[in-house]
Number of protein chains: 4
Amino acid sequence: MIRAERKEREFNARRAEILEKAEKIFAAKSFHDVKMAEIANASGFSIGSLYQFFTGKEDLYTTMVSEKLDFIFSEIRKSTETAKGLIDMLETLIDAHLQFVENNSDFLLLFIKGEKVTLSESMTELHQRLTDSYQKHITFIENLLKGGMETGLLRNLPLRDMAESLFYLIRMASVRWMLMPTKESPRSKKGFILDIFLNGVKNHDK
Amino acid sequence: MIRAERKEREFNARRAEILEKAEKIFAAKSFHDVKMAEIANASGFSIGSLYQFFTGKEDLYTTMVSEKLDFIFSEIRKSTETAKGLIDMLETLIDAHLQFVENNSDFLLLFIKGEKVTLSESMTELHQRLTDSYQKHITFIENLLKGGMETGLLRNLPLRDMAESLFYLIRMASVRWMLMPTKESPRSKKGFILDIFLNGVKNHDK
Amino acid sequence: MIRAERKEREFNARRAEILEKAEKIFAAKSFHDVKMAEIANASGFSIGSLYQFFTGKEDLYTTMVSEKLDFIFSEIRKSTETAKGLIDMLETLIDAHLQFVENNSDFLLLFIKGEKVTLSESMTELHQRLTDSYQKHITFIENLLKGGMETGLLRNLPLRDMAESLFYLIRMASVRWMLMPTKESPRSKKGFILDIFLNGVKNHDK
Amino acid sequence: MIRAERKEREFNARRAEILEKAEKIFAAKSFHDVKMAEIANASGFSIGSLYQFFTGKEDLYTTMVSEKLDFIFSEIRKSTETAKGLIDMLETLIDAHLQFVENNSDFLLLFIKGEKVTLSESMTELHQRLTDSYQKHITFIENLLKGGMETGLLRNLPLRDMAESLFYLIRMASVRWMLMPTKESPRSKKGFILDIFLNGVKNHDK
DNA sequence: AATGAATGAGTATTCATTCAT
DNA sequence: TATGAATGAATACTCATTCAT
């Protein structure tokens, strides 16, 4: 039935709107300093309506965090689709990642500055969801690197260690920029990261 | 006056005792789930007495966190004193770091799992203290690497980037082990880290 | 117009259906634990429709309680219609009352266990309606007893005191059974009640 | 230690003071209409202090109700101590009961008018405590009557039935007076109750 | 007539901190 | 100095009722 479809679309649109406003608010204060009334007000809904979309404040928070992180990771991965060749792909991956950092530093600071709370039971679930997002991303990088290993470009090192090493080198640049933002974009570190990583893992004998 | 000295010694001993018990408690629960009464009880002091040593709960928490982290970093640095040569020093540094991770995972999980809170005003101060600890450590690593650069062993790359890269590679192994502890010590990753880092930064032309 | 009649019949049938389901629900939980949505669901109506039959939750509750109590009292009285003679009538009255207790204990426990609430304004109205039901019933018993007094069988005692005494002796057996239900029917107390009441009020000189 | 004793005395005095004020307040409104802040205010304590004496609102309410009822029943029983002979004792018992009704009608209306709430879990406990108080009282009456049965004054009827019959006859007069207070004291019904009860249960053959 | 999504007022309870003893 | 009883501010969530469709 078309009417049910429209309802669902509207429901999702409203839900997204709340999530969007909530992101801004949670980015600015700690969990405990954010009031439900504030989110309700900012998103143009009544307090009661918030509870039609989320089971409570913790659910609203954890949903926002995990969906947003999922989105960012998946966009980063999507960016590599047009690249040709391993090195080009890695370069694109690093660049896209740093660009998202630059554009979403308010949100990502939630993770860096520890502006999270232990959300009793929800925390376990959130932690699991974040870990899943991360693992999915690491696996994607592993698959990129696997190609390079097969062609002999890369040394025969543990895939996961390599993939996480790249991720943490990107993280280094991300965190530095987020904590000490400079006029220069974090993307300027792309070259260094690619250089040190490739030299670190490539086959120098060839 | 000798009496004043003894008093100060006793004061410091009691303060340290509180901090030690607090560490265990904060490691097990979130900041908001820890009650002052619990810390008072565990450390054998009255609630009121806690306020003779710390100005409040946040002060107690931030003091504990920053002093402990300071201690760990400084112990790691101290471990390199007996090593000879850059590579030996780096190897020792990595090994000592991973060993501290292995022995203090409860405490360090406070940082990894985001089980921190935004402590309104204190947060700024804590964040500053943690950043200072970190910078001091990074500077120490920079100085190690500077030697290698001067001898031509290492390429002419930005010192800070190199130092932080090493730190983040160690962090990669630390976090992985803390979130998914295995029987195998995190120290088993020492070789990989040293390998990829040195290959990444060394002068291959020589 | 016949159509208006049918409409009214249907209206009353629906209303009765809601009342019937509500009785079961209110019998199982306290007023505040019963949700309008639950009643709507159980009776197959939408929430909004409930408000076509009752002005609100309190009205629904008070209507249910008073109509049901009215019905029970009137059925008890009706049962005496076929009895001949005072003693037979009293015996029938007691028996019918205890039988209704046995068959409606869930509902009647609302009164006994105090599982009622003070319904702000409605309470006054409900209380009045319940009192009216009770007074009507007591008056009926008074009229039975008046006959016995006129024939000299009963002593010349205040009618109301006598009537209420009988009612409270029945209540004693009712409450005991409802709070501590036994396999034995509460009707087994009929003999005792009749005995003690008649001995209490009859004319022993005759 | 004398200091501990004084502390306990003071604790109990404060607790009693809260209970006393709470009784007046709960007598005037329904459970849900009474605010903790109101009780705190009326008793001269801070809100937080209330929670040092009681675990919560329900505990405060149930404690007040059950302790007060216990007190009233035990005072009624105590009044019979000076009476000589069964009939004198029963007369004293009835009189004392009705006098307490007259003096505590606000409190006792809590039971009559159903101004109670279903206090989730606490309700079960409260109900049990009230039942225990009641049973204790009925047992006391049974023991009085047992003497009369042994001397042959009373007929050989079930003790519990007799005892509860007397209690419900007193209740009849109590409820009537509480719902329709007259200038005349409920104690004026003492004669009628004693008359009808004794005639009902005594041995007329003797 | 029927629906059910949206509303928003209202309150018990916790716990860091204080300060009289 | 040490104690721990007293304080009181601060907020998520529920659900009866309404009214646009």
Side-chain angles (χ1 to χ4, degrees), chain A residues 3 6-7 10-11 14 31-41 44-61, chain B residues 7 10-11 14 31-41 44-61 119-120, chain C residues 7 10-11 14 31-41 44-61 119-120, chain D residues 3 6-7 10-11 14 31-41 44-61:
Chain A
R3 194 168 137 194
R6 204 205 54 214
K7 277 202 155 188
E10 282 183 3
F11 180 90
R14 287 172 225 242
F31 181 80
H32 288 293
D33 286 334
V34 172
K35 318 294 172 217
M36 287 302 267
E38 191 178 359
I39 298 174
N41 206 53
F45 289 87
S46 69
I47 293 182
S49 294
L50 258 38
Y51 289 83
Q52 289 184 329
F53 297 95
F54 308 95
T55 62
K57 190 183 175 187
E58 294 197 351
D59 182 43
L60 174 45
Y61 176 77
Chain B
K7 278 207 155 185
E10 281 183 3
F11 180 90
R14 286 173 217 234
F31 181 79
H32 288 293
D33 286 335
V34 172
K35 319 291 173 219
M36 287 301 269
E38 189 177 1
I39 297 174
N41 205 53
F45 290 88
S46 70
I47 293 179
S49 295
L50 259 38
Y51 288 82
Q52 291 184 327
F53 299 95
F54 307 95
T55 63
K57 190 184 177 187
E58 296 198 350
D59 181 42
L60 174 44
Y61 176 78
L119 303 168
S120 48
Chain C
K7 279 208 156 186
E10 281 183 3
F11 180 91
R14 287 173 218 234
F31 181 80
H32 288 292
D33 286 333
V34 172
K35 319 292 174 219
M36 287 301 268
E38 190 178 1
I39 298 175
N41 206 54
F45 290 89
S46 70
I47 293 180
S49 295
L50 259 38
Y51 288 81
Q52 292 183 326
F53 299 95
F54 307 96
T55 63
K57 191 184 177 187
E58 295 198 351
D59 180 42
L60 174 46
Y61 177 77
L119 302 168
S120 48
Chain D
R3 196 168 135 193
R6 203 205 54 213
K7 277 203 156 186
E10 282 183 2
F11 180 91
R14 287 172 224 242
F31 181 80
H32 288 291
D33 287 335
V34 172
K35 318 294 173 217
M36 288 301 268
E38 189 178 3
I39 298 175
N41 206 53
F45 290 87
S46 69
I47 293 181
S49 294
L50 259 38
Y51 289 83
Q52 289 183 327
F53 297 95
F54 307 96
T55 61
K57 191 183 175 187
E58 294 198 351
D59 181 43
L60 174 46
Y61 176 77

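For clarity, every value in this text was computed on a predicted model and none was experimentally measured. Sequence lines set the chain letters: A, B, ... in the order given, protein chains first and strands last, and positions in each chain run from 1.
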Going by atom type alone, with no hydrogens or angles, which donor-acceptor pairs under 3.5 Å involve a side-chain atom of residues 45-55 of chain D and a protein atom two or more places apart or on another chain?
| unit_1 | atom_1 | unit_2 | atom_2 | d |
| --- | --- | --- | --- | --- |
| D/S46 | OG | D/S49 | N | 3.2 |
| D/S46 | OG | D/S49 | OG | 3.0 |

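When rounded to the nearest whole Å, the span between CZ of D/F53 and C1' of E/dT13 equals 17 Å. Rounded to whole Å, the distance from CZ on C/F45 to P on E/dA2 is 8 Å.
Phosphate proximity of E/dA2 to C/R14: present, with a side-chain N or O under 4.0 Å from OP1 or OP2. Contact between the side-chain N/O atoms of C/S49 and the OP1/OP2 oxygens of E/dA1 is not found at any separation under 4.0 Å.
Taking the nucleotide of DNA chain E with the nearest heavy atom to each of A/S46 and C/Q52, the more 5' of the two is matched to C/Q52. Closest-nucleotide positions on DNA chain F for B/K7 and B/G48 were compared, and the one nearer the 5' end corresponds to B/K7. If you find the closest nucleotide of DNA chain F to C/T55 and to A/T55, the one lying nearer the 5' end belongs to A/T55.
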Using the 3.5 Å cut-off, write out each protein N or O paired with an N or O of nucleotides 10-12 of chain E and the distance between them.
| unit_1 | atom_1 | unit_2 | atom_2 | d |
| --- | --- | --- | --- | --- |
| E/dT11 | OP1 | D/K35 | NZ | 2.5 |
| E/dT11 | O5' | D/K35 | NZ | 3.4 |
| E/dA12 | OP1 | D/V34 | O | 3.4 |
| E/dA12 | OP1 | D/K57 | NZ | 3.2 |
| E/dA12 | OP2 | D/M36 | N | 3.3 |

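Here the range on DNA chain F touched by chain B, meaning any atom under 4.0 Å from one of its heavy atoms, is F/dT1 to F/dG4.
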Secondary-structure notation, DNA chain E, from Watson-Crick and G-U pairs under 3.5 angstrom (| other strand): .||||||||||||||||||||

Worked check of side-chain contact (heavy atoms from CB on, under 4.5 Å) between B/M36 and B/L60: CA-CA 10 Å; B/M36 287 301 269; B/L60 174 44; 4.3 Å; yes

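Note that the CZ atom of A/F11 and the NZ atom of A/K7 stand 11.5 Å from one another [nearest 0.5 Å].
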